[in-house]
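Right, one structure below, let's go through it.
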Amino acid sequence: MRSLYLFSIALCSAITLTFAQERKLPIDTTVTTQHSVTINGARIDYTAVTGTQPVWDELGKPIASLHYTYYTKNGVKDRADRPLLISFNGGPGSGSVWMHLAYTGPRVLKIDDEGYPIQPYGVKENPYSVLDVTDIVYVNPANTGYSRTIPESGKEVDHKKFFGINADTKYLAEWLNTFVTRNNRWRSPKYIVGESYGGTRVMGLSLALQNQQWMYLNGVIMVSPADYKVFRDNDPVSSALNLPYFAAAAWHHKALPAALQNQDLLEVLPEVEDFTINKLLPAIAKGGFIQDSERKAIAEKVAYYSGLDAQDIIDQNLVVPTQFFWKALMREKGGYTIGRLDSRYLGIDKTLTGTRPDYSPELTSWLHSFTPAINYYLQEELNFKTDIKYNMFGPVHPWDDSDDNVREDLRQAMAQNPYLNVLVQSGYYDGACTYFAAKYTMSQVDPSGRMKDRFEFKGYRSGHMMYLRHEDLKSANEDIRNFILKTQANGKSAKY
């Protein structure tokens with residue numbers, strides 16, 4: 001009887017210990033698996049390493065652990081000529097899942113040709129991945145994906161070290177130095193790609209890597225870039241820059257006058273861009289001092305290009321909020337709202353009235369597909385087992401937007417490094433980070449125009465994540481592939 005009692009106590013203790021274990025990842029670990037994929041008709045064997053690597057403070061104490069997935073093509077004897085593409089998403093607070101599982105990586109979501117979810121969820125081979133020309137690492141900043149600060153919460157977490165424009169670039173540059181050293185990639189041509197807020201991130205990283213880590217890049221790729229100096233200032237420029245996007249979205253939904261609707265989109269947009277810069281922007285800048293006749297004429301032209309009502313534009317002093325556009329464009333054409341990040345998507349609100357949609361239909365659609373796919377893929381195909389939740393969007397706020405100098409950072413990095421080129425990719429139907437704002441950012445990075453031949457812009461007939469549309473998945477990857485191939489040094493000296 002006593003032995004049974006002691007056994008029961010031991011069993012209870014074991015159960016207690018099992019449930020008392022902390023739910024956290026090792027701060028420094030890797031899991032390696034082998035795979036293959038067919039890209040552009042050629043079989044590629046590759047190695048996937050997914051794991052965690054610490055962020056250290058000035059005293060060498062780990063203060064965070066970042067989760068990453070690193071793909072390398074097998075059979076490469078010398079990686080000195082093999083490029084490395086370092087990939088970030090945005091938010092801030094977004095995991096690297098989006099471009100990892102839908103764009104450049106060797107696996108993509110099971111979705112339809114326009115990007116809508118299909119059950120059962122999962123992944124399939126990506127026949128357009130750029131893994132044939134570059135190795136790739138997908139990095140999750142602190143509190144995104146499986147990455148976490150140490151400790152995860154509480155007063156001991158120093159938010160100033162992670163959650164702000166300048167803090168973000170500083171610690172990520174340090175982390176990348178360690179990653180490149182551990183993986184013997186110092187001689188490789190290096191590229192950084194960032195989507196959305198990731199555009200801000202990679203502009204800042206271009207100089208932080210160069211001046212703080214002495215790591216020089218061959219290319220910066222900005223996918224649907226968010227430039228805070230455009231959409232946070234709420235000035236005439238940021239307001240006017242929305243009109244070409246309005247025209248694109250209205251064209252897609254066949255909401256423009258016949259004279260425009262009967263033209264191809266790429267025939268319409270240059271006309272709208274010209275009007276935006278030369279007529280709309282000066283008119284908004286005049287504010288209350290604009291003449292009534294000019295206000296009326298401008299409003300009628302904005303209505304012509306946007307599909308909105310001219311009186312609504314006058315009533316808002318020529319400054320049309322994007323939220324109003326998403327709510328109003330289709331109000332009389334089926335009563336739908338349109339998506340913020342991809343205005344091809346339609347939503348249904350509780351009421352037809354109002355000034356902004358109830359929700360973002362494109363984001364709810366995407367989360368359908370991405371969340372189950374990344375959890376399945378990491379755990380079952382890459383064999384990275386954990387009970388930690390994968391943060392599609394993690395707790396990183398409040399985010400410090402102050403002292404934003406990333407445009408100047410990129411300009412300096414380019415001026416100091418003749419090898420450095422920039423590729424910008426945008427979807428015409430992106431209402432959050434509009435394609436014309438991206439063009440404007442390019443023009444403002446180098447106001448002298450002396451380096452403009454090192455900038456390249458590519459537009460696509462889709463939204464923020466243009467790669468979800470099958471046709472653009474193919475063309476956008478091909479654009480990155482060509483950009484990487486043509487920006488190799490090929491023995492050319494880095495000099496002017």
Side-chain angles (χ1 to χ4, degrees), residues 85-90 92 164-166 168-170 172-173 190-213 215-242 244-245 273 276-277 281 401-428 430 432-460 464 479-480 483-484 486-487 494 496:
L85 178 64
I86 302 161
S87 181
F88 298 95
N89 274 96
I165 288 177
N166 295 300
D168 183 74
T169 56
K170 182 178 180 180
L172 286 173
K190 299 172 192 66
Y191 296 81
I192 53 177
V193 56
E195 180 182 82
S196 194
Y197 176 81
T200 291
R201 175 176 284 136
V202 296
M203 282 195 282
L205 274 172
S206 65
L207 191 66
L209 287 169
Q210 191 166 296
N211 284 9
Q212 298 169 21
Q213 308 302 325
M215 186 184 297
Y216 286 71
L217 303 171
N218 282 60
V220 169
I221 304 167
M222 295 187 282
V223 179
S224 307
D227 182 350
Y228 280 21
K229 286 188 178 296
V230 170
F231 59 78
R232 288 288 171 88
D233 288 346
N234 195 29
D235 60 10
V237 172
S238 61
S239 299
L241 292 177
N242 289 325
Y245 150 71
E273 292 175 12
T276 296
I277 293 296
L281 200 160
D401 298 334
S402 63
D403 197 22
D404 176 4
N405 296 301
V406 296
R407 284 186 194 167
E408 176 60 15
D409 291 345
L410 180 56
R411 188 203 66 78
Q412 283 192 44
M414 294 179 71
Q416 296 171 14
N417 177 8
Y419 282 152
L420 183 54
N421 289 265
V422 175
L423 170 64
V424 177
Q425 299 181 301
S426 291
Y428 294 120
D430 181 359
C433 303
T434 67
Y435 88 91
F436 197 53
K439 284 187 172 182
Y440 178 79
T441 294
M442 292 168 60
S443 72
Q444 299 304 301
V445 167
D446 174 33
S448 73
R450 297 180 66 188
M451 297 186 291
K452 64 182 179 182
D453 60 333
R454 289 157 63 188
F455 288 89
E456 183 176 0
F457 176 85
K458 295 290 184 179
Y460 308 91
H464 195 70
D479 289 335
I480 291 181
F483 176 73
I484 289 174
K486 73 183 181 183
T487 53
Y496 291 114

Next on the checklist: Using salt bridge (Lys or Arg N to Asp or Glu O under 4.0 Å), reason through Asp168 and Arg201 one step at a time and then give a plain yes or no.
Outcome noted: CA-CA 8 Å; Asp168 183 74; Arg201 175 176 284 136; 2.7 Å; yes
Checklist entry - Checking side-chain contact (heavy atoms from CB on, under 4.5 Å) for the pair Val230/Val237: CA distance, chi angles, key distance, verdict? => result CA-CA 7 Å; Val230 170; Val237 172; 5.8 Å; no
Checklist entry - Going through the distances and angles, do Gln416 and Leu207 end up as a side-chain contact (heavy atoms from CB on, under 4.5 Å)? => result CA-CA 9 Å; Gln416 296 171 14; Leu207 191 66; 4.2 Å; yes
Item to check | side-chain contact (heavy atoms from CB on, under 4.5 Å) between Tyr440 and Lys229, intermediate numbers included | outcome: CA-CA 11 Å; Tyr440 178 79; Lys229 286 188 178 296; over 6 Å; no
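Of all heavy-atom pairs spanning Ser426 and Ala438, the tightest one is OG-CB, 3.5 Å. Heavy atoms only, all atoms of each residue included: Thr441 and Asp227 are closest at OG1-OD2, 2.7 Å. Counting all heavy atoms, side chain and backbone alike, Tyr496 lies closest to Ala415 at OH-O, 2.7 Å. Across all their heavy atoms, Pro244 and Thr276 have their closest contact at CD-OG1, 3.5 Å.
One finds the CZ atom of Arg411 at 13.0 Å from the CZ atom of Arg407 (value rounded to the nearest 0.5 Å). If you take CD1 on Ile192 and OG on Ser206, they are separated by 6.0 Å, rounding to the nearest 0.5 Å. Between atom CG of residue Asp409 and atom CD of residue Gln210 there is a gap of 10.5 Å, rounded to the nearest 0.5 Å. Atom-to-atom distance recorded for Asn166:CG and Asp404:CG is 8.0 Å, nearest 0.5 angstrom. Annotation: the span from Asp401 atom CG to Ile165 atom CD1 amounts to 5.0 Å, rounded to 0.5 Å. Atoms CG and CG, from Leu420 and Leu410 in turn, are 6.5 Å apart once rounded to the nearest 0.5 Å.
Inter-residue side-chain proximity for Val202 and Val193 is flagged as unmet; no heavy-atom pair is nearer than 4.5 Å. Looking at heavy atoms from C-beta onward, Ile480 lies out of side-chain contact with Tyr191 at the 4.5 angstrom threshold. Side chains of Met442 and Val422 form no contact here, defined as non-hydrogen atoms less than 4.5 Å apart.
Judged by distance alone, with hydrogens and angles left aside, the side-chain atoms of Tyr228 form no donor-acceptor pair with the main-chain N or O of Thr200 at under 3.5 Å. In this structure, Ser239 contributes its side chain and Pro236 its backbone to no donor-acceptor pair below 3.5 Å. With hydrogens and angles ignored, the 3.5 Å screen pairs no side-chain donor or acceptor of Asp403 with any backbone N or O of Asn405. With hydrogens and angles ignored, the 3.5 Å screen pairs a side-chain donor or acceptor of Asn421 with a backbone N or O of Tyr419.
The salt bridge (Lys or Arg N to Asp or Glu O under 4.0 Å) analysis of residues 434-457, with sequence neighbours excluded, yields the pairs Glu273-Lys439, Glu456-Lys458, Glu456-Lys486.
Partners of Gln444 by side chain to side chain donor-acceptor pair (under 3.5 Å), not counting sequence neighbours: none found.
For the pairing with Tyr428, the ring pair (Phe, Tyr, Trp, His ring centres under 6.0 Å) check across Tyr435, Tyr245, Phe436, Tyr460 returns one residue only, Tyr435.
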Expected list for residues 217-224: side-chain donor-acceptor pairs under 3.5 angstrom, two or more places apart:
unit_1 : atom_1 : unit_2 : atom_2 : d
Asn218 : ND2    : Thr487 : O      : 2.9
Ser224 : OG     : His464 : O      : 2.6

